[in-house]
Amino acid sequence: MRVVTTAQPRELDVQPTPLALLLLGREADPRSERGVDCPGELPSPSDPDLVARARAAKEKLGDKVFVLGHHYQRDEVIQFADVTGDSFKLARDAAARPDAEYIVFCGVHFMAESADILTSDAQKVVLPDLAAGCSMADMATAEQVAECWDVLTEAGIAEQVVPVSYMNSSADIKAFTGKHGGTICTSSNAKRALDWAFEQGEKVLFLPDQHLGRNTAVRDMGMSLEDCVVYNPHRPGGGLTAEELRAAKMILWRGHCSVHGRFSLESVEDVRARIPGVNVLVHPECKHEVVAAADQVGSTEYIIKALEAAPAGSKWAIGTELNLVRRLANRFAAEDKEIVFLDKTVCFCSTMNRIDLPHLVWTLESLAEGNLVNRIEVDKETEAFAKLALERMLALP
């Protein structure tokens with residue numbers, strides 16, 4: 001259990017829990033990371049000179065720093081990114097810049113881990129806020145997955161199972177996958193990864209997002225929902241009998257994205273009623289019924305390319321993170337493309353949004369002064385097995 005010592009803000013009438021303060025961004029937990037320290041004093045978010053300070057620090061660092069910005073980052077951060085993209089694209093971009101001493105990853109923890117795995121030992125990967133995690137990645141711990149493998153072994157099927165882990169997983173889970181003969185996948189190559197896996201074995205353990213696994217198996221590969229079972233790490237034996245495990249083709253981990261999991265069939269029906277002729281485009285991390293009701297389904301990069309190719313005057317409801325949807329709506333407004341958020345409820349990725357301008361300024365200024373902060377470093381054994389799983393993905397046809 002993690003314990004964070006915090007002071008009670010005077011304006012609150014009740015004592016907030018440590019977790020609540022962590023989510024509100026008032027504290028960071030050094031024990032949640034390996035070999036890193038918490039930030040010092042951050043600039044005030046109301047500092048009118050933040051943009052100028054970020055530019056000055058980045059200019060001082062020059063080619064020594066390479067800033068990566070995930071698509072879900074807020075605009076105030078994205079403006080300083082040297083490249084933007086999804087998590088795997090950014091990790092590969094970092095590896096393609098071996099001369100950059102510092103890789104500042106404006107994303108979440110598992111993304112920075114992947115960048116550290118793929119970059120050289122001479123490069124240092126930095127995460128501006130150590131508390132920028134991923135709720136999905138946190139839904140599968142190394143201990144839970146090891147216990148799951150024991151359950152599969154007891155059911156007599158472990159030798160038939162090939163693990164396939166989504167990029168949105170910790171380095172520990174990627175290492176488990178590599179060690180057990182599996183591969184990593186992204187939302188755009190999940191079908192290729194599963195095709196490969198079923199050539200190696202009879203069953204797949206898909207970690208940690210049940211929705212991407214189910215949607216790929218059923219929508220893209222023609223399996224039935226009955227071919228899929230959900231392993232719940234919080235229940236004995238995953239909440240499944242040995243017979244259910246033996247009958248299944250896809251053993252889905254009970255994990256999900258807190259953003260994409262919010263979209264519902266009612267959201268789709270409502271937007272169709274409000275906007276006649278709308279095209280519904282959603283991410284495959286959405287629930288199966290949402291994906292089944294959508295007009296198009298695809299990764300973040302797919303969504304961007306689809307809107308780029310869309311005709312002027314077309315109408316789109318997008319089921320993905322709000323920062324990206326809003327940025328796309330502004331980008332294509334001049335082309336008379338109407339782009340709206342699929343749900344009426346505002347839904348930012350709360351952990352991704354922890355990377356704000358004050359944290360970025362503090363990070364860049366610290367590096368410019370020669371102070372290495374918030375380094376994300378994966379231990380060598382974990383890195384070796386995780387890299388093996390990533391290399392299997394890169395070798396997919």
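Atoms considered below: every heavy atom in the structure, side chains included; atoms not considered: hydrogens, waters and symmetry mates.
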With a 3.5 Å distance limit and no angle check, can you tell me whether E321 reaches the backbone of C349 through a side-chain donor-acceptor pair? yes

Between S264 and S267, is any side-chain donor less than 3.5 angstrom from a side-chain acceptor? yes

Does L50 reach the side chain of P43, with side-chain heavy atoms less than 4.5 Å apart? yes

What I'd like to find out is whether the side chain of V268 reaches to under 4.5 Å of the side chain of V290, using heavy atoms alone. yes

So L68 and I103, side-chain contact (heavy atoms from CB on, under 4.5 Å) or not? Walk me through it. CA-CA 7 Å; L68 309 175; I103 305 296; 3.6 Å; yes

Contact check, side chains of L372 and L367, non-hydrogen atoms, under 4.5 Å: yes

Does E59, at its CD atom, have more than 12 non-hydrogen atoms belonging to other residues, nucleotides or ligands within less than 6.0 Å? no

Are the charged groups of E202 and K249 less than 4.0 angstrom apart, N to O? no

E377 and R375 ion-paired at < 4.0 Å: yes

Is a salt bridge present between E308 and R331, judged by a nitrogen-to-oxygen distance below 4.0 Å? yes

For N215 against C286, the heavy-atom pair lying closest together: ND2-O, 2.9 Å

The side-chain hydrogen bond (donor to acceptor under 3.5 Å, both in side chains) partners of R219 (sequence neighbours excluded) come to none

Given side chains that start at C-beta, do those of N323 and M352 come closer than 4.5 Å, heavy atoms only? no

Tell me if a side-chain donor or acceptor on D82 pairs with a main-chain N or O of V67 at a distance below 3.5 Å. yes

With a 4.5 Å heavy-atom cut-off, do T300 and L324 have their side chains touching? yes

At what distance, to the nearest 0.5 angstrom, does CG of L394 lie from OG1 of T183? 8.0 Å

More than 12 non-hydrogen atoms from neighbouring residues, nucleotides or ligands closer than 6.0 Å to CG on D63, yes or no? no

Residues clustering with M139 (ILVMFWY side chains joined when closer than 4.5 Å, directly or via others): none

Shortest non-hydrogen pair, A306 vs L281, comes out as CB-CD2, 3.9 Å

Would you check if K174 and S114 make a side-chain contact, meaning some heavy-atom pair closer than 4.5 Å? yes

Kindly work out whether a path of hydrophobic side-chain contacts (I/L/V/M/F/W/Y, heavy atoms less than 4.5 Å apart) joins V325 to F332. yes

Let me see the working for L342 and V282 under side-chain contact (heavy atoms from CB on, under 4.5 Å), right down to the final yes or no. CA-CA 8 Å; L342 178 57; V282 303; 3.9 Å; yes

Rounded to the nearest 0.5 Å, how far apart are CZ of F80 and CG of L357? 5.5 Å

State whether the side chain of N232 and the backbone N or O of G239 hold a donor-acceptor pair below 3.5 Å, judged by distance alone. no

Go through the steps for F88 and L118 under the test side-chain contact (heavy atoms from CB on, under 4.5 Å), then give the verdict. CA-CA 10 Å; F88 184 60; L118 293 175; 4.0 Å; yes

Between L127 and A132 the two heavy atoms that sit nearest each other are CD2-O, 3.9 Å

Under a single-linkage definition using a 4.5 Å side-chain heavy-atom cutoff for Ile, Leu, Val, Met, Phe, Trp and Tyr, are V145 and V230 assigned to the same hydrophobic cluster? no

Are W196 and L388 connected, step by step, through hydrophobic side chains (Ile, Leu, Val, Met, Phe, Trp, Tyr) whose heavy atoms are closer than 4.5 Å? no

Check ring pair (Phe, Tyr, Trp, His ring centres under 6.0 Å) between Y231 and all other residues, then give those that pass, not counting sequence neighbours. W253

Would a 4.5 Å heavy-atom cut-off, applied to side chains only, mark R274 and V271 as touching? yes

Quick one: do S188 and Y302 satisfy side-chain contact (heavy atoms from CB on, under 4.5 Å)? Show the steps, please. CA-CA 8 Å; S188 58; Y302 178 95; over 6 Å; no

Value rounded to 0.5 Å, distance of CG in L90 from OG1 in T84: 7.0 Å

Using distance only, find each side-chain donor-acceptor pair of residues 309-320 under 3.5 Å and give its atom names and separation, not counting sequence neighbours.
residue: S314; atom: OG; partner: P311; partner atom: O; Å: 2.6
residue: S314; atom: OG; partner: W316; partner atom: NE1; Å: 2.9
residue: T320; atom: OG1; partner: Y72; partner atom: OH; Å: 2.9
residue: T320; atom: OG1; partner: H260; partner atom: NE2; Å: 2.8

Verify the cluster assignment for M167 and I173: are they in a single hydrophobic cluster under the rule of side-chain heavy atoms below 4.5 Å apart? no

Can you pull the ring pair (Phe, Tyr, Trp, His ring centres under 6.0 Å) pairs that have at least one residue in residues 367-397, sequence neighbours excluded? none

List the atom pairs, with distances to 0.1 Å, where a side-chain N or O of residues 91-98 and a protein N or O form a donor-acceptor pair under 3.5 Å, not counting sequence neighbours.
residue: D93; atom: OD2; partner: K89; partner atom: NZ; Å: 3.0

For Q73 and C106, indicate whether the former's side chain and the latter's backbone hold a donor-acceptor pair under 3.5 Å. yes

Would you please name every residue forming a salt bridge (Lys or Arg N to Asp or Glu O under 4.0 Å) with R55, sequence neighbours left out? none

Note, E365 side chain near R53 side chain (heavy atom, < 4.5 Å): yes

Examine V164 and Y166 and state if one hydrophobic cluster contains both, with Ile, Leu, Val, Met, Phe, Trp and Tyr joined whenever side-chain heavy atoms are less than 4.5 Å apart. yes

At their closest point, which heavy atom of E76 faces which heavy atom of P358, and how far apart are they? OE2-CD, 4.4 Å

I'd like to know if R74 and D356 make a salt bridge, using a cut-off of under 4.0 Å between side-chain N and carboxylate O. no

Check the side chains of D379 and T382 for a donor-acceptor pair under 3.5 angstrom, ignoring hydrogens and angles. yes

Please lay out, stage by stage, how R254 and D209 fare under the test salt bridge (charged side-chain N to carboxylate O under 4.0 Å, His left out). CA-CA 7 Å; R254 189 175 182 269; D209 180 24; over 6 Å; no

Quick one: list whatever passes salt bridge (Lys or Arg N to Asp or Glu O under 4.0 Å) with K179, sequence neighbours left out. none

Shortest non-hydrogen contact from V108 to G133? CG1-O, 3.1 Å

By salt bridge (Lys or Arg N to Asp or Glu O under 4.0 Å), D220 pairs with (sequence neighbours left out) none

Could you list all the salt bridge (Lys or Arg N to Asp or Glu O under 4.0 Å) pairs where at least one residue sits in residues 226-243, not counting sequence neighbours? E243-R246

Determine yes or no for a side-chain-to-main-chain donor-acceptor pair under 3.5 angstrom, with S169 supplying the side chain and S165 the backbone. no

May I ask you to check whether F341 and F263 place their ring centers less than 6.0 Å from one another? yes

For the pair N330 (side chain) and R327 (backbone), establish whether a donor and an acceptor sit closer than 3.5 Å, ignoring hydrogens and angles. no

Minimum heavy-atom distance between T216 and A190, given as atom pair plus value: OG1-CB, 3.6 Å

Taking side-chain hydrogen bond (donor to acceptor under 3.5 Å, both in side chains) as the test, write out the residues that go with D116, two or more places apart. none

If only atom types and distance count, is the side chain of Q144 paired as donor or acceptor with the main-chain N or O of T141 below 3.5 Å? yes

Side-chain H-bond candidate by donor/acceptor type, D47 with S44, under 3.5 Å: no

So the side chain to side chain donor-acceptor pair (under 3.5 Å) pairs with at least one residue in residues 147-162 (sequence neighbours excluded) are none

